[in-house]
Structure formats: C-alpha cells, structure tokens
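Values reported hereafter were calculated over all heavy atoms of this structure, with side chains retained and with hydrogens, waters and symmetry mates removed.
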Amino acid sequence: MISKSRAHPSILFQLSATLLLLATFSCDSISALQTGGSHLHPDQPHITVTPNLLEDGGVPLRGKVLVERHPAGTPWAFDLDDSGWIKSDNLWLGPDEIDDQTVWFRLHLDVDPVLFGRTVMLELFLIGAAEIWLNEDIAAQLGNPDTDPQVYQGGPGRYRTFLDLGETRHQLIAIRFINLDSRTRSVNRGWSGITASLHKTETHMPQLLTEYRFMSGSQWFIVGFSLVFFIIHIMLFLFNRRLRFHLWFAVICLLFAYIGFSGHNWYFFEDFNTLIRLQKTMQASILAAFACFVLFLNEIYRMDASLWFKVLLPASLLAGLAHILTPAFVMPLMFTMLGLILLVVIEILRISLKAVRRQLDGAWLIGGSISLFILIFVTIAGFEITGVMAPEFTRLTPMHLPYIAFALALIAMSVFQSRHVSRINLKLEDQLEEVRNLSEKNLAHERSLRESEVRRVRLETEYRRTSAELEKARKLQLSLLPEQFPVLQGYDVHAGMRTAKEVGGDYYDVVPTPQGGQLWAIGDATGHGTDAGFVAAMTKTLFHNLAGNMAAGGSAILKNSTLPKVSASPESNIATVSALELDDLLREMSHRLREIGLRRHYMCFGLLKIENGRVSWCSAGIPPVLIVRKSMRVERLESKGMPLGSVDDYPYQLMQAELQSGDMLLAFTDGILEQRNPEGEEFGMHQLVEGLKKMNGKTPRQVITRLFNLVDGWRGERAVMDDISCICIRKK
C-alpha cells in the first residue's frame with residue numbers, strides 16, 4: 001500500500017529523523033499476565049508498545065536499535081546473542097555508512113498484554129529495499145534486498161501494512177536492508193534507511209484518509225485556479241495581441257498549473273524515480289516562471305528588457321533544461337539554479353522600484369503583490385534546494401505559501417486591469433450616484449430614525465415580557481427546594497443554592513430513611529430556561545414518589561430494575577440493601593424520565609444516604625462527593641454514571657465511606673467548578689479543595705456561605721455562569 005502524505009519528501013525524512021519517543025513502563029506489576037515466550041532481560045534495549053502510545057501519534061521504531069552487517073545465524077531469532085551489536089538511535093545510515101552490503105536491524109518490543117493477538121498498522125518510509133520479520137515470520141518485503149545489482153529492486157517510498165502481534169510480552173522485529181541505487185541516495189543528501197512506526201489501525205486509517213483528501217483537494221484547487229486565469233489572459237491576448245503582457249501572464253499561470261499538478265503527484269509519489277523526475281521539472285518550471293515575470297513587468301510598465309537580462313533569460317532556460325536531463329541531483333547545478341533565481345528576483349525588484357519612483361499606475365499594487373510572492377517563493381525554494389527543513393505552522397505546509405502569494409498576485413493583476421478599463425465609467429457613475437444620493441439622503445435618514453424607534457419600542461416590550469417570564473420561572477425553581485431541613489441526630493446539615501441570571505435546573509432535596517438516617521438528592525438539569533426547570537420539577541416529583549415509598553419500606557414500584565429485590569436482610573447486609581435501593585432508584589427515575597419523552601433534556605443526579613455513620617453515594621453524572629477529614633485530608637467519593645433520562649438499566653456505581661467525629665462531607669453541582677474568572681480560567685477542583693481545607697471547625701452553613709463568597713471573589717465582575725448548589729454535612 002502506498003502512503004499518501006502532504007509533507008515534502010525531503011522534509012519528511014528530516015522530521016522523521018528528529019522524532020524521539022521516550023517511554024518507560026514497569027513490567028514487574030503485570031509480569032503475571034505474560035503468556036509464555038522469551039522474556040526481556042532487564043538490560044536488553046527495547047521499545048515499549050502500549051495502546052496509549054499507539055493512539056497518541058504511534059510508536060516510532062527508533063531510539064533503541066541494534067545494527068550489524070552480515071551477522072552469523074538467523075538475525076530474526078529470539079535466542080540470537082545480539083549483545084555485541086552496534087546500538088543506534090534510528091534505522092538510518094549516513095553517507096559514510098552506505099555500501100553495497102546487507103545491514104540488519106533488530107528491535108526488541110515490550111508489548112502490553114492488552115495488545116496480545118491484536119492487529120496494528122506498520123507505516124514505513126523507505127529509501128532502498130528491505131525485508132521485515134516479526135517474531136520469526138516474514139511480515140513484508142519491500143522490493144528485492146539482494147546484493148546482486150541485477151536482481152536488486154528498490155522498494156516503494158511509502159508503504160503501509162498490518163502486523164499481527166503475538167501472545168508474548170517480548171516480541172522482535174528484524175529488518176534486512178540494502179540500497180544499491182545511487183540516485184535514491186542522493187534524494188536525501190546521501191542518507192538511506194527506513195522511518196517506521198506502529199499505529200492503532202482503527203484511528204490511524206481515518207486520519208490518513210482525511211489528510212489525503214485535504215492535500216489532494218488543495219493541490220487540485222491550485223491547478224484549477226491557475227488554469228482559470230490562464231484561459232482568461234490567453235483570451236485577452238488573442239483579442240488584442242498588442243497587449244503582450246497578457247501572453248506572459250498566461251504563460252506564468254500555465255507554469256504554475258503544472259507546478260500544482262506536479263505537486264499533487266509529488267506529495268503522493270509511489271517511487272523515488274517519480275520523485276526525482278517531479279522535483280527536477282518543478283524546479284525548472286519555477287525558474288522559467290520567474291523569468292516570465294520579468295517579461296510581464298516590462299510589458300505592463302512599457303520598459304525595455306535590460307541587456308544583462310537578455311543574457312540571463314537564455315542562461316536560465318538552459319540551466320533548467322540541463323537540470324531536467326541530468327540522471328541524478330547535481331548539487332553545483334542546483335546551486336546554479338538558485339543563483340539564477342536570485343538574479344531574476346533582483347531584476348524583478350529593480351523594475352518594481354523603478355515603476356514606483358516614476359509613480360506609474362498600479363506600481364504599488366502590482367509591485368507589492370509580486371514582491372510578496374517573490375519573497376515567500378524564494379524562501380521556500382531555498383529550503384527545498386538546500387535541504388533545510390521549513391517550519392510548518394498550520395495544516396497548510398510551507399509549500400502552500402507560494403501558491404497563496406501567487407493567488408494574491410493574480411488577484412492584484414485582475415484589480416489592476418479592472419481599474420484601468422473601467423476608470424472613465426467609474427467617474428461617470430460617481431457623479432450620477434452623488435446626485436442620486438443628495439436627493440435620497442434626507443428621506444433615508446428620516447426612514448432610518450423611524451425604524452430605529454420602532455425597533456427600540458419592540459425590544460423594550462420583549463425585554464419586559466422576557467424578564468417577567470424568567471422571574472416566574474426562577475420563583476418556581478426556588479419553590480422546589482425544601483424550606484427547612486429535618487434534624488439528623490449526631491450531624492449538622494445545611495444546603496444552599498446560588499442561581500444564575502438565566503433560569504437553570506439545579507435542585508436538591510431530602511427525605512428520611514427507615515433506619516433513622518437521611519437520603520439527600522442533588523441534581524443539575526442540562527441546559528437553561530424553562531425546559532431545564534421543567535426537568536427539575538419532574539425529578540422532584542419522581543424522587544418524592546419513589547424515595548418516599550422506599551422510606552416507607554416498600555419496593556414494588558421499582559418495576560424497571562433488573563437487580564433482585566431483598567425484602568429483609570440481617571444487620572451484616574445493610575450495605576447491600578442500600579446499594580440495591582440507590583441503584584434501583586436511579587434506574588427507575590431514569591426510566592420514568594425517558595418515558596416522558598424529554599428528548600435531549602437530561603438530569604445529572606446524585607443520591608447521598610447517611611445512616612449509622614456510613615455514607616453511601618450513587619451518582620448519575622454529578623461531580624464526586626468530597627470528604628474533609630478532621631485531619632484536613634480530603635477524600636473523593638467518585639461514582640460515574642450516565643445522566644437520568646439518557647439510557648435504561650445503566651449499572652450505576654455505589655461508593656461508601658465511614659464518617660468519624662469532626663469529618664465534613666460536601667456534595668455539589670458542577671456550576672462551582674466551571675465558574676470562570678475575568679481571564680477565562682475555571683475555578684476548578686483544586687481551588688475548591690484548597691478552600692475547604694481552610695474551613696476547619698466551621699459549621700455547614702458557614703462553609704456554604706464562605707464557598708459562595710470564594711466563588712464570587714474568583715469571578716470578579718464576570719456574571720454567574722451556572723447555578724451552584726451545595727449540600728454540607730458535618731458529624732459532631
């Protein structure tokens with residue numbers, strides 16, 4: 001399979017050579033999971049392969065590589081003694097290391113047991129021919145890595161295949177490599193070798209498809225854009241052959257259409273012979289396009305070509321032709337072409353400055369756009385010819401910048417022509433427009449004033465109506481909260497809410513339990529406005545109906561639960577009964593809300609039971625409960641679950657803890673965590689925990705008041721973004 005990449009090949013070589021993945025992972029804690037096979041020696045160089053590394057950019061096969069030429073035995077065998085092999089950082093060989101002999105690379109893999117038997121993608125970039133082995137089985141053959149020049153055949157430049165990992169922690173990749181083609185060596189300044197990496201197939205393939213579509217689409221857009229202007233200007237020249245600048249501009253557009261077409265194939269080349277041919281023709285086309293720019297400027301400014309340019313033009317054409325015909329890259333010739341480009345650029349700038357000094361029509365417009373284009377293009381051309389890596393700032397590669405600048409030059413040319421042709425018509429139209437404006441100005445101004453007054457009255461009326469509706473909804477929301485809290489023997493309890501400007505869906509409530517404890521509920525409906533308030537009202541009704549029945553000792557109404565009911569249990573099974581109650585209660589409430597048909601409106605909800613010094617917490621999307629011990633150590637009870645109304649029969653989790661004398665518990669909605677300060681920073685869990693640690697000995701009422709003040713100080717002048725609800729319980 002041939003890879004499609006948007007990076008320039010020479011840049012890709014150097015980017016691949018600079019990537020370094022340092023991953024350390026302890027094998028001691030999971031050694032029991034190994035299913036057989038050889039084990040890595042503690043000092044054995046290896047590369048760690050885990051699902052996370054495969055997901056996050058892949059696992060480069062570099063960093064801890066063993067290299068040898070003509071080793072004895074079978075270099076792909078596990079039991080081969082490779083302690084005397086040369087240690088290398090990558091799979092590349094420099095100009096001084098390249099000869100006509102076979103080179104073996106060995107890479108020991110430390111594979112996460114999760115990946116045993118899984119298929120991963122191996123992505124390769126190759127200069128030469130190679131044979132790849134995985135765990136003593138051949139996995140891929142790229143070309144024919146034979147030492148006989150008559151048999152040798154170079155492999156594809158880019159290649160992807162799939163590897164089936166074995167069932168052991170220690171696995172081995174062995175690569176036999178050779179490069180007998182001097183032309184392919186010259187592509188990367190004498191370097192040869194492989195850039196290889198392992199990827200997760202399920203995620204890497206969609207990324208490659210998206211990248212291919214982006215690069216292919218952008219290149220074809222460049223080709224189409226240039227061809228459109230070529231057709232326009234060649235037609236203008238045919239209609240009036242005295243305007244020869246249209247001819248030269250059409251030639252420039254045609255050359256750039258070819259450069260864009262070649263660039264498309266360049267980014268997706270299949271072999272290095274194609275790469276070499278495309279790179280040579282593109283560089284020659286660039287030089288010819290610059291020479292045509294000089295002819296174009298001389299025509300539009302009505303100047304004669306200088307004597308030295310009359311010598312420079314044929315020299316540029318001959319150098320470009322020689323560059324195309326040479327069998328390999330000749331560095332002196334490439335630098336000669338770069339020098340010719342610089343000389344042509346100097347001539348372009350000289351003509352542009354001369355036109356500006358003479359204050360010729362369009363001098364700043366044409367000269368400025370072409371100068372910008374020249375500056376960008378020469379910079380990128382210098383990167384490519386010299387092999388220096390160009391930076392990459394966005395999805396657009398640096399090679400796109402000349403095309404963008406060229407598009408600006410095309411637009412500037414069109415603006416120049418349009419202004420030149422329509423100048424007289426514009427003056428006449430301006431005079432007629434001025435007369436028309438004088439007659440309509442007063443009428444338009446008066447009409448605008450009347451329309452503004454009507455809009456103002458409508459806005460004021462709508463604002464008053466909306467404010468009244470929001471106030472009613474806010475009162476309804478507050479009416480859902482309990483007016484007073486029942487007494488819990490041995491505990492001090494309090495709850496509070498800070499509402500946002502817009503009606504939200506926060507809610508908290510409490511009912512007693514049969515064992516003399518309390519069952520608290522806290523919730524946050526998704527969204528804002530009347531819909532969120534309606535969800536909160538429905539949740540309150542469901543909670544009181546279902547939890548009230550549970551408090552009375554009944555469980556028959558929990559019809560949607562799939563867990564078995566426990567009608568009675570000994571004292572040792574109290575936690576199990578509580579788990580069933582909270583679990584079933586959340587599932588039944590979620591089922592009832594789904595039956596109502598609220599569609600995308602859900603309820604993040606949590607149940608907190610306090611009985612006999614034990615805390616039971618079951619959550620459906622609510623932040624974790626924080627327990628502040630008397631020693632100021634903060635613990636979390638985190639129970640993850642889907643919001644009510646989203647799914648049926650979700651396996652909600654129960655978390656439990658014991659409360660000692662002096663311990664404090666805080667349940668809250670995410671409004672307190674998501675409040676932002678004027679700089680846009682969230683309040684976050686860290687601020688909340690640090691604030692709680694400073695409230696030692698405070699009553700729950702004082703704690704909630706201070707938390708609200710702490711959030712107000714954090715947000716400053718910024719409005720409250722969401723409702724904030726808190727339940728605080730301290731054991732005496």
Q) Any ion pair linking Glu635 and Arg633 (charged N to carboxylate O, less than 4.0 Å)? A) yes
Q. Does any non-hydrogen side-chain atom of Leu134 lie less than 4.5 Å from one of Leu122?
A. no
(Q) Any non-hydrogen side-chain atom of Met685 less than 4.5 Å from a side-chain atom of Arg636? (A) yes
Q. Of the non-hydrogen atoms in Gly166 and Asn135, which two are nearest, and what is the gap between them?
A. N-ND2, 3.8 Å
Q.
Whether Arg106 and Asp82 form a salt bridge (side-chain N of Lys/Arg under 4.0 Å from carboxylate O of Asp/Glu) is what I want to check.
A. yes
Q) Can you tell me how far CD of Glu588 sits from CG of Asn545, rounded to the nearest 0.5 angstrom? A) 11.0 Å
Q | Nearest atoms (heavy-atom pairs only) where Leu582 meets Ser616 | A | CD1-CB, 3.8 Å
Q) Is there side-chain contact between Leu666 and Cys726, with at least one heavy-atom pair below 4.5 Å? A) yes
Q.
Please check this pair: side chain of Thr119 against backbone of Phe162, looking for a donor-acceptor N/O pair closer than 3.5 Å.
A. no
Q. Can Phe485 and Trp520 be said to form a ring-ring contact (aromatic ring centres under 6.0 Å, His included), step by step?
A. CA-CA 10 Å; Phe485 310 113; Trp520 284 86; 5.6 Å; yes
Q: Look at the side chain of Ser590 and the backbone N and O of Val647, then say whether any donor-acceptor pair between them is shorter than 3.5 Å.
A: yes
Q: Say whether, by atom type as modelled, one donor and one acceptor occur between the side chain of Arg592 and the main chain of Thr539 under 3.5 angstrom.
A: no
Q | Validation row: Thr50, Val59 side chains within 4.5 angstrom (heavy atoms) | A | no
Q: Return yes if some donor-acceptor pair links the side-chain N/O of Trp714 with the main-chain N/O of Glu681 below 3.5 Å, else return no.
A: yes
(Q) Given 3.5 Å as the limit, does a donor-acceptor pair link the side chain of Arg594 with the main chain of Ser646, or not? (A) yes
Q. Counting N and O atoms only, with roles assigned by atom type, does the side chain of Thr526 sit under 3.5 Å from a partner on the main chain of Tyr602, one being a donor and the other an acceptor?
A. yes
Q: Go through the steps for Asp112 and Val49 under the test side-chain contact (heavy atoms from CB on, under 4.5 Å), then give the verdict.
A: CA-CA 6 Å; Asp112 193 307; Val49 182; over 6 Å; no
Q | Pairing of Arg169 and Asp110 as salt bridge, 4.0 angstrom limit | A | yes
Q: Using a cut-off of 6.0 Å, state whether more than 12 heavy atoms not belonging to Arg701 lie near its atom CZ.
A: no
Q.
Closer than 4.0 angstrom, basic N to acidic O: yes or no for Lys732 and Asp492?
A. no
**Q.** Residue pair Leu593 / Leu542, side-chain heavy-atom distance below 4.5 Å
**A.** yes
**Q.** Nearest-0.5 Å distance, OG1 of residue Thr499 to CD1 of residue Ile724
**A.** 9.5 Å
Q. Met603 and Asp524: which non-hydrogen atoms are nearest, and at how many Å?
A. CE-N, 3.6 Å
Q) Any side-chain heavy-atom pair from Ile610 and Tyr491 closer than 4.5 angstrom? A) yes
**Q.** Straight-line distance of His591 NE2 to Glu595 CD, nearest 0.5 Å
**A.** 3.5 Å
Q: Begin with the C-alpha distance, continue with both residues' side-chain angles, and end with the deciding distance and a verdict on side-chain contact (heavy atoms from CB on, under 4.5 Å) for Gln660 and Lys630.
A: CA-CA 8 Å; Gln660 307 298 330; Lys630 188 175 181 180; over 6 Å; no
Q.
So which atom in Lys200 and which in Glu55 form the shortest heavy-atom distance, rounded to 0.1 Å?
A. CD-OE1, 2.9 Å
Q | Nearest heavy atoms of Tyr650 and Gly641, plus distance in Å | A | CE2-CA, 3.5 Å
Q: Verify the neighbour count for atom CZ of Arg676: are there more than 12 heavy atoms of other residues, nucleotides or ligands below 6.0 Å?
A: yes
Q) With the threshold set at 4.0 Å, does a side-chain nitrogen-carboxylate oxygen contact exist between Asp506 and Arg498? A) no
Q: In plain terms, say whether Arg629 and Asp663 are close enough for a salt bridge, that is, a side-chain N and a carboxylate O under 4.0 Å apart.
A: yes
Q.
Check whether Gln518 reaches the backbone of Pro486 with its side chain - one donor and one acceptor, N or O, closer than 3.5 Å.
A. yes
(Q) Please check this pair: side chain of Arg718 against backbone of Asn677, looking for a donor-acceptor N/O pair closer than 3.5 Å. (A) yes
(Q) Tell me whether Lys693 is salt-bridged to Glu690, with the criterion being a basic N under 4.0 Å from an acidic carboxylate O. (A) yes
Q) About how many Å separate CG of Asp583 and CG of Leu654, when rounded to the nearest 0.5 Å? A) 8.0 Å
Q: Give, for atom CG of Asn696 and atom OG of Ser631, the distance between the pair rounded to the nearest 0.5 Å.
A: 9.5 Å
Q. Once you round to the nearest 0.5 Å, how far does CD of Gln675 lie from CG of Leu688?
A. 13.0 Å
Q.
Strictly distance-based, threshold 3.5 Å: is any side-chain N or O of Arg587 a donor or acceptor partner for the main-chain N or O of Pro651?
A. no
Q) Are His170 and Leu109 close enough that some pair of their side-chain heavy atoms sits under 4.5 Å apart? A) no
Q) Between Thr669 and Ile522, does a side-chain contact (heavy atoms from CB on, under 4.5 Å) hold up when you go through it step by step? A) CA-CA 8 Å; Thr669 58; Ile522 184 170; 3.9 Å; yes
Q. Within a strict 4.5 Å, meaning less than it, do heavy atoms of the Leu585 and Leu519 side chains meet?
A. yes
(Q) For a quick test of reading the model, state the closest non-hydrogen atom pair linking Tyr507 to Met497 and the distance between them. (A) N-CE, 3.9 Å
(Q) Please check: side-chain N/O of Ser619 versus main-chain N/O of Ser639, any donor-acceptor pairing under 3.5 Å? (A) yes
Q: Run the numbers on His199 and Leu54 for side-chain contact (heavy atoms from CB on, under 4.5 Å), then give the verdict.
A: CA-CA 5 Å; His199 299 271; Leu54 292 175; 5.6 Å; no
**Q.** Gln489 atom CD, over 12 foreign heavy atoms within 6.0 Å
**A.** no
(Q) I'd like to know if Asp509 pairs up with Lys540 as an ion pair, taking the criterion as any Lys NZ or Arg NE/NH1/NH2 lying under 4.0 Å from an Asp or Glu carboxylate oxygen. (A) yes
